[in-house]
Amino acid sequence: MWGHYQPDAGKRSDPNASPMHAKDLSKVPPGIIVSAGRDPLRDEGEAYGKRLNDAGVATEVVRGEGLVHGFLSMINYAPSAGKAFDRMAAAIAKATG
């Protein structure tokens, strides 16, 4: 996927391309990281959520077990996708209060 997202391999560790590489994440706003259990990007997303929490940023990390990348297009067909969507919506509602 990197070849599509950032073809220049030398720029892939730039925090603008991958926030995971930022030295300081303490000023990032609170958030929610939602991963899919069968997504090749799952571990990277969850590791970013851990780094945010370690930096003191209130971040909820949610894994949709059994789901694949792009699962939001399945919310009407897969109950677990609908549940993940509902958690995302609740987090947004809470943040915008």
Side-chain angles (χ1 to χ4, degrees):
M1 290 307 299
W2 272 113
H4 296 288
Y5 179 70
Q6 177 49 271
D8 184 342
K11 294 182 180 178
R12 293 178 186 169
S13 62
D14 183 314
N16 289 318
S18 178
M20 180 69 155
H21 294 287
K23 288 183 170 83
D24 179 17
L25 295 172
S26 65
K27 303 219 184 323
V28 173
I32 182 171
I33 303 289
V34 180
S35 64
R38 296 179 182 223
D39 187 340
L41 301 174
R42 180 197 68 207
D43 293 346
E44 185 176 12
E46 292 176 3
Y48 180 58
K50 182 179 181 333
R51 279 218 45 224
L52 288 168
N53 279 313
D54 290 349
V57 177
T59 304
E60 183 180 0
V61 180
V62 177
R63 179 186 292 180
E65 291 296 344
L67 296 174
V68 296
H69 191 87
F71 69 86
L72 286 178
S73 64
M74 300 175 216
I75 62 172
N76 294 320
Y77 309 104
S80 56
K83 288 178 188 172
F85 177 81
D86 291 344
R87 288 191 68 184
M88 292 166 54
I92 292 168
K94 180 180 175 185
T96 59

Of the non-hydrogen atoms in [X] and [Y], which two are nearest, and what is the gap between them?
X     : Y     : answer
Tyr48 : Pro19 : OH-CB, 3.6 Å
Ala17 : Trp2  : O-CH2, 4.2 Å
Val57 : Ser26 : CG2-O, 3.9 Å
Tyr5  : Asn16 : OH-O, 4.3 Å

Open item on the list: Hydrophobic clusters here meaning ILVMFWY residues chained together by side-chain heavy-atom distances under 4.5 Å, can you tell me if Leu52 and Met20 are in one?
Closed with: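 As far as the 4.5 Å side-chain criterion goes, Met20 and Leu52 are connected within one cluster.
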Open item on the list: Quick check on the hydrophobic clustering: are Val62 and Ile33 connected, directly or via other members, by side-chain heavy-atom contacts under 4.5 Å?
Closed with: no
- [ ] Can you tell me which residue pairs pass the salt bridge (charged side-chain N to carboxylate O under 4.0 Å, His left out) test with a partner in residues 22-31, sequence neighbours excluded?
- [x]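 Salt bridge (charged side-chain N to carboxylate O under 4.0 Å, His left out) check on residues 22-31 returns no pairs.
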Open item on the list: With salt bridge (charged side-chain N to carboxylate O under 4.0 Å, His left out) as the rule and sequence neighbours excluded, what pairs involving residues 45-55 come up?
Closed with: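 Checked against salt bridge (charged side-chain N to carboxylate O under 4.0 Å, His left out) - neighbours excluded - the pairs reaching residues 45-55 are Glu46-Arg63, Lys50-Asp54.
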Open item on the list: Please check: side-chain N/O of Arg42 versus main-chain N/O of Ser35, any donor-acceptor pairing under 3.5 Å?
Closed with: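 No, the answer is negative, given that no donor and acceptor are paired below the 3.5 Å cut-off.
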TODO: Could you tell me which residues satisfy side-chain hydrogen bond (donor to acceptor under 3.5 Å, both in side chains) with His21, sequence neighbours excluded, listed by chain and number?
DONE: none
- [ ] Using side chain to side chain contact (heavy atoms under 4.5 Å, CB included) as the criterion, list what pairs up with Lys11, not counting sequence neighbours.
- [x] Gln6, Asp8
Open item on the list: Ala91: which residues meet the side chain to side chain contact (heavy atoms under 4.5 Å, CB included) condition with it, sequence neighbours left out?
Closed with: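 If we apply the side chain to side chain contact (heavy atoms under 4.5 Å, CB included) test to Ala91, skipping adjacent residues, the hits are Ile32.
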Task: Heavy-atom neighbours of Arg12 CZ exceed 12 at 6.0 Å - done: yes
Open item on the list: Before you tell me yes or no, could you show the steps for Met74 and Val68 under side-chain contact (heavy atoms from CB on, under 4.5 Å), namely the whole-Å CA-CA distance, both residues' side-chain angles and the distance that decides it to 0.1 Å?
Closed with: CA-CA 10 Å; Met74 300 175 216; Val68 296; 3.3 Å; yes
TODO: Scan for side chain to side chain donor-acceptor pair (under 3.5 Å) pairs involving residues 80-97, sequence neighbours excluded, and state none if there are none.
DONE: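 The answer is Glu60-Arg87.
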TODO: Could you tell me the separation between the CG atom of Leu67 and the CD1 atom of Ile75, rounded to the nearest 0.5 Å?
DONE: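 One gets 12.0 Å once the value is rounded to the nearest 0.5 Å.
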